[in-house]
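Following: one structure in structure tokens, then a few remarks.
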Amino acid sequence: MSTSSTPASGRRLRLNVGHDSWDLIWSHVHRVLVVNLGMAVTNLPLLLALAAEHQPWRYPVFFGLLSLGAGPSLAAVFAYLRRTADDERAPVADLFRGYRRLFTRALLGWTPFVLLIAVAATDLAALWGSALGSALAPLLSVVILLALSSGVVAMAGLAEDPAVTRRTLLAACYASVRRWPLALLNLGLLGVSLALVNQAPLLGLAVVPGCALFVVWRDCGAMLESVPGGGAQRGGKKIILSRP
């Protein structure tokens with residue numbers, strides 16, 4: 001006697017995902033791809049230079065100048081991520097409009113941190129191996145990490161409210177010290193992202209930056225929220241960077 005029933009072991013597993021879940025997944029993929037595209041396009045000169053030169057530390061001035069463009073790129077990406085809080089599938093044009101709008105202020109806000117990093121790194125390299133260098137190495141290393149973290153946090157604050165400049169820079173420095181675990185987490189994520197992109201440029205640029213920068217953006221928002229006066233102010237109302 002034959003039976004039309006299929007054995008339990010032969011049944012195919014079907015992924016039953018609702019429409020809302022698929023929409024959330026594709027919205028996240030869209031956001032990551034837009035951020036990755038924006039970072040690649042706005043930092044194209046730096047990426048090409050790094051691809052051509054495998055020892056960038058031998059040309060600190062040249063690569064230091066190219067790194068100035070990373071600040072406006074971060075500000076534009078953070079502004080786009082803020083935009084996706086209201087529109088999950090904001091068009092890619094919004095990112096480049098933000099880049100053009102924030103470029104001057106972001107460059108002015110990013111440059112002091114780059115100069116501080118350059119000075120501390122130069123002193124560290126010049127004093128390396130000497131007795132004075134051994135004593136100052138921990139301090140100079142902390143200065144470099146603090147300046148890098150503060151620069152990233154400042155770009156997140158600047159993306160939220162371009163009218164905030166000096167207050168944002170000071171709040172970013174204080175937030176990086178007060179919330180140092182988040183600051184170290186951000187630097188760790190950025191460092192791992194750079195290492196992955198360096199090892200696999202195409203795959204890394206297609207996947208890594210958008211995911212890492214989303215986490216960094218949320219962490220920067222939490223860091224600024226904990227600082228008195230660190231949040232952006234508009235019309236007497238405090239704006240929160242990291243909205244759910």
Side-chain angles (χ1 to χ4, degrees), residues 31-32 34-35 38-39 42 67-88 90 94-95 97-99 101-117 142-193 209-244:
R31 176 175 55 207
V32 169
V34 170
V35 170
M39 290 297 295
T42 55
S67 67
L68 292 176
S73 298
L74 286 174
V77 164
F78 292 147
Y80 177 80
L81 291 175
R82 174 63 186 85
R83 177 79 174 83
T84 59
D86 300 323
D87 182 5
E88 293 182 348
D94 286 358
L95 190 149
R97 279 195 290 264
Y99 180 78
R101 175 174 55 89
L102 297 169
F103 182 85
T104 301
R105 289 183 179 273
L107 184 62
L108 293 175
W110 181 255
T111 300
F113 297 109
V114 174
L115 292 177
L116 182 58
I117 293 173
V142 170
V143 170
I144 293 173
L145 294 177
L146 177 60
L148 183 57
S149 173
S150 300
V152 174
V153 176
M155 293 303 99
L158 194 65
E160 181 65 30
D161 187 358
V164 180
T165 53
R166 183 177 179 182
R167 179 183 299 177
T168 302
L169 301 183
L170 296 176
C173 295
Y174 182 59
S176 296
V177 175
R178 183 172 182 177
R179 301 296 299 273
W180 62 268
L182 287 179
L184 291 180
L185 175 61
N186 286 346
L187 294 180
L189 284 174
L190 293 175
V192 171
S193 300
C211 299
L213 289 175
F214 178 77
V215 177
V216 171
W217 171 66
R218 296 297 295 266
D219 287 346
C220 289
M223 292 167 69
L224 286 174
E225 288 175 31
S226 65
V227 177
Q233 302 285 337
R234 285 183 186 169
K237 182 179 180 181
K238 185 174 181 179
I239 300 175
I240 303 301
L241 282 172
S242 54
R243 293 184 177 181

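Just so you know, these numbers come straight off a predicted model, no measurement behind them. For the numbers below, each heavy atom of this structure counts, side chains included, while hydrogens, waters and symmetry mates do not. The residues of the chain are indexed from 1 along the displayed sequence.
Judged by distance alone, with hydrogens and angles left aside, the side-chain atoms of Trp110 form no donor-acceptor pair with the main-chain N or O of Ala154 at under 3.5 Å.
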Please assess Met39 against Leu213 for the test side chain to side chain contact (heavy atoms under 4.5 Å, CB included), listing each intermediate value before the final yes or no. CA-CA 10 Å; Met39 290 297 295; Leu213 289 175; 3.9 Å; yes
Quick one: side chains of residues 72-80, donor-acceptor pairs under 3.5 Å with protein atoms, not counting sequence neighbours, listed by atom name and distance.
{"from": "Ser73", "atom 1": "OG", "to": "Thr42", "atom 2": "OG1", "distance (Å)": "2.8"}
{"from": "Ser73", "atom 1": "OG", "to": "Asn43", "atom 2": "ND2", "distance (Å)": "3.1"}
{"from": "Ser73", "atom 1": "OG", "to": "Gly69", "atom 2": "O", "distance (Å)": "3.0"}
{"from": "Tyr80", "atom 1": "OH", "to": "Ala90", "atom 2": "O", "distance (Å)": "2.5"}

Output a table of donor-acceptor pairs, distance under 3.5 Å, between side-chain atoms of residues 182-190 and any protein atom two or more places apart or on a different chain; print 'none' if there are none.
none

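No side-chain heavy atom of Leu102 sits less than 4.5 Å from a side-chain heavy atom of Met155. Considering only heavy atoms from C-beta on, Leu169 comes within 4.5 Å of Phe113 through its side chain. With a 4.5 Å cut-off on side-chain heavy atoms, Cys173 and Ser150 count as touching.
When all heavy atoms are compared, the tightest approach of Ala147 to Leu116 is CB-CD2, 3.8 Å. The nearest pair of heavy atoms linking Leu146 to Ser176 is CD1-CB, 3.6 Å. Taking all atoms of both residues into account, the shortest heavy-atom contact from Cys220 to Val152 is SG-CG1, 4.0 Å.
Taking the side chain to side chain contact (heavy atoms under 4.5 Å, CB included) definition, one finds that Thr111 meets it with Leu68, Leu107, Leu115, sequence neighbours left out. Residues forming a salt bridge (Lys or Arg N to Asp or Glu O under 4.0 Å) with Arg97 (at least two apart in sequence, or on another chain): Asp94. Residues passing the side-chain hydrogen bond (donor to acceptor under 3.5 Å, both in side chains) test with Arg179: none are found, sequence neighbours excluded.
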